[in-house]
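Residue numbers count from 1 along this sequence.
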Amino acid sequence: MGTKRGNSSLNVLFERLRKQSMKVKIFCGALLAVCALVALKFTIKNHYYFFIASEAIHVAGIIALIYKLFALKTCSGLSLITQELTALFLAARLSCSTLTVANIHTVLDLISFLSTLVVIWMIRFKLKSSYIKELDNMRLYFLVVPSAILAILIHPHTSHWPLTRIVWAFSLYLEAVSVLPQLRFMQNAKMIETFTGYYVFALGVSRFVALAHWIIQTYETRGAFLFLAGSGYFWFLAAFLAEMVQSFILADFCYYYMKSFMQGQLLRKMPV
């Protein structure tokens, strides 16, 4: 009885929110985000844990995909292009972190990279017959080339080898847009497969946690964090904007996913 009453109350709440104007919806979303940021600020003292949590959640999302591929024997609903972009930016970031400073981030990136390679191998070879190439129609170079050009123009100025700095920036910019082919795929398919939904939602939560680090650091330093001396003109600002872009790309999906989940349902169609 308690569960039904709780679900009924949530349904009424979401129904009222749905009928509100776009300005009210934006305000409620912004208020919820601010509350989450305040909670994170006062519960997580070491900012280092933000990135660890972000990467760990990403790994969890990929594991959900691997379970789907091996248990259900199908790759329907998955974008191969997004997985290839993910492998590319992870390989770029791994090459930099291995040469500069290897730490827990490197280990988590390595796990993500190897897991992504497994996903790509399954889609390309073992489960090729269930892959719908016609729906995965976003060109890879439309995202790779602009990311590479931006990395050449805006990258950190550190003591490391220049190519390493450019590759690091490239990995960050490419990561920001790597999920676009998957969202395009689901839009074309007009449906969302369950485990694919888990994966995309995990990406959204992962990016929110990473973005929270940037916002909190910027707040605590009164904006100075975005223009650290010696880091290159606008590099930190560009990195922050890249995090913002990726978070906003996923925000709409995550909102409707959470709404469906709270109503005891699964999101089956992409929001228009």
Practice item. Start with the C-alpha gap between Leu172 and Phe89, add the side-chain angles, then the distance that decides, and say whether side-chain contact (heavy atoms from CB on, under 4.5 Å) holds. Key: CA-CA 7 Å; Leu172 187 144; Phe89 81 69; over 6 Å; no

Practice item. Could you walk me through whether Glu84 and Arg124 pass the side-chain contact (heavy atoms from CB on, under 4.5 Å) test, one step at a time? Key: CA-CA 11 Å; Glu84 290 174 340; Arg124 278 193 170 276; 2.6 Å; yes

Check your understanding: After noting the C-alpha distance and the side-chain angles of Phe113 and Leu94, does the key distance pass the side-chain contact (heavy atoms from CB on, under 4.5 Å) rule?
Key -> CA-CA 9 Å; Phe113 176 65; Leu94 274 170; 3.7 Å; yes

Check your understanding: Going through the checks in order, is the side-chain contact (heavy atoms from CB on, under 4.5 Å) test met by Ser115 and Val59?
Key -> CA-CA 8 Å; Ser115 301; Val59 170; 5.5 Å; no

In residues 129-140, what donor-acceptor pairs under 3.5 Å come from side-chain atoms, sequence neighbours left out?
residue: Ser130; atom: OG; partner: Cys75; partner atom: N; Å: 3.0
residue: Ser130; atom: OG; partner: Leu127; partner atom: O; Å: 2.9
residue: Tyr131; atom: OH; partner: Asp136; partner atom: OD2; Å: 2.7
residue: Asp136; atom: OD1; partner: Ser79; partner atom: OG; Å: 2.7
residue: Asp136; atom: OD2; partner: Ser79; partner atom: OG; Å: 3.4
residue: Asp136; atom: OD2; partner: Leu80; partner atom: N; Å: 2.8
residue: Asp136; atom: OD2; partner: Ile81; partner atom: N; Å: 3.2
residue: Asn137; atom: OD1; partner: Asn188; partner atom: ND2; Å: 3.2

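Taking Glu55 as the reference, nothing meets the salt bridge (charged side-chain N to carboxylate O under 4.0 Å, His left out) condition, with sequence neighbours excluded. Checked against salt bridge (charged side-chain N to carboxylate O under 4.0 Å, His left out), Arg184 has no partners two or more places apart in sequence or in another chain. Contacts of Ala176 classified as side-chain contact (heavy atoms from CB on, under 4.5 Å), with partners at least two apart in sequence or in another chain: Ala242, Gln246. Listed by chain and number, the residues in a side-chain hydrogen bond (donor to acceptor under 3.5 Å, both in side chains) with Glu175 are Arg93, Arg207 (sequence neighbours excluded).
In terms of heavy-atom proximity, Phe201 sits nearest to Cys254 at CD1-SG, 3.9 Å. Residues Leu69 and Thr74 come closest through the heavy atom pair CD2-O, 3.4 Å. Scanning all heavy atoms of the two residues, the minimum distance from Thr196 to Leu65 falls at CA-CD2, 4.3 Å. In terms of heavy-atom proximity, Ser112 sits nearest to Ile62 at O-CD1, 3.8 Å. Ala87 approaches Ile120 most closely through the heavy-atom pair CB-CD1, 3.8 Å. When all heavy atoms are compared, the tightest approach of Tyr198 to Ala64 is CB-CB, 4.4 Å.
Between the CD1 atom of Ile57 and the CZ atom of Phe208 there is a distance of 10.5 Å, given to the nearest 0.5 Å. With values rounded to the nearest 0.5 angstrom, Thr86 atom OG1 is found 9.5 Å from Gln182 atom CD. In this structure, CG in Leu90 is found 11.5 Å from CD1 in Ile111, a value given to the nearest 0.5 Å. Taking CG of Leu183 as the start and CG of Leu250 as the end, the distance is 6.0 Å to the nearest 0.5 Å. Separating the CG atom in Leu203 from the CZ atom in Phe253 is a distance of 9.5 Å, to the nearest 0.5 Å. Put simply, OH on Tyr173 and NE2 on His155 are 9.0 Å apart, with the number rounded to the nearest 0.5 Å.
In this structure, the side chains of Val118 and Gln83 stay at 4.5 Å or more apart for every pair of heavy atoms. Side chains of Ile149 and Phe170 form no contact here, defined as non-hydrogen atoms less than 4.5 Å apart. Side-chain contact between His58 and Leu108 is absent, with no heavy atoms from C-beta onward closer than 4.5 Å.
Ile152 and Leu150 end up in different hydrophobic clusters when Ile, Leu, Val, Met, Phe, Trp and Tyr side chains are linked at under 4.5 Å. Grouping the Ile, Leu, Val, Met, Phe, Trp and Tyr side chains by contacts below 4.5 angstrom, directly or via other members, places Ile166 apart from Tyr141.
For Lys73 (side chain) and Lys126 (main-chain N/O), no donor-acceptor pair under 3.5 Å exists by modelled atom type. Side chain of Thr82 to main chain of Ser178: a donor-acceptor pair is present (N/O by atom type, distance under 3.5 Å, no hydrogens or angles).
Checking each of Val177, Leu143, Val179 against Leu85 for a side chain to side chain contact (heavy atoms under 4.5 Å, CB included) leaves exactly one that passes, namely Leu143.
Sequence neighbours left out, the pairs with a member in residues 60-80 that pass ring pair (Phe, Tyr, Trp, His ring centres under 6.0 Å) are Tyr67-Phe195.
Side chains of Ser206 and Ser54: a donor on one and an acceptor on the other come within 3.5 Å.
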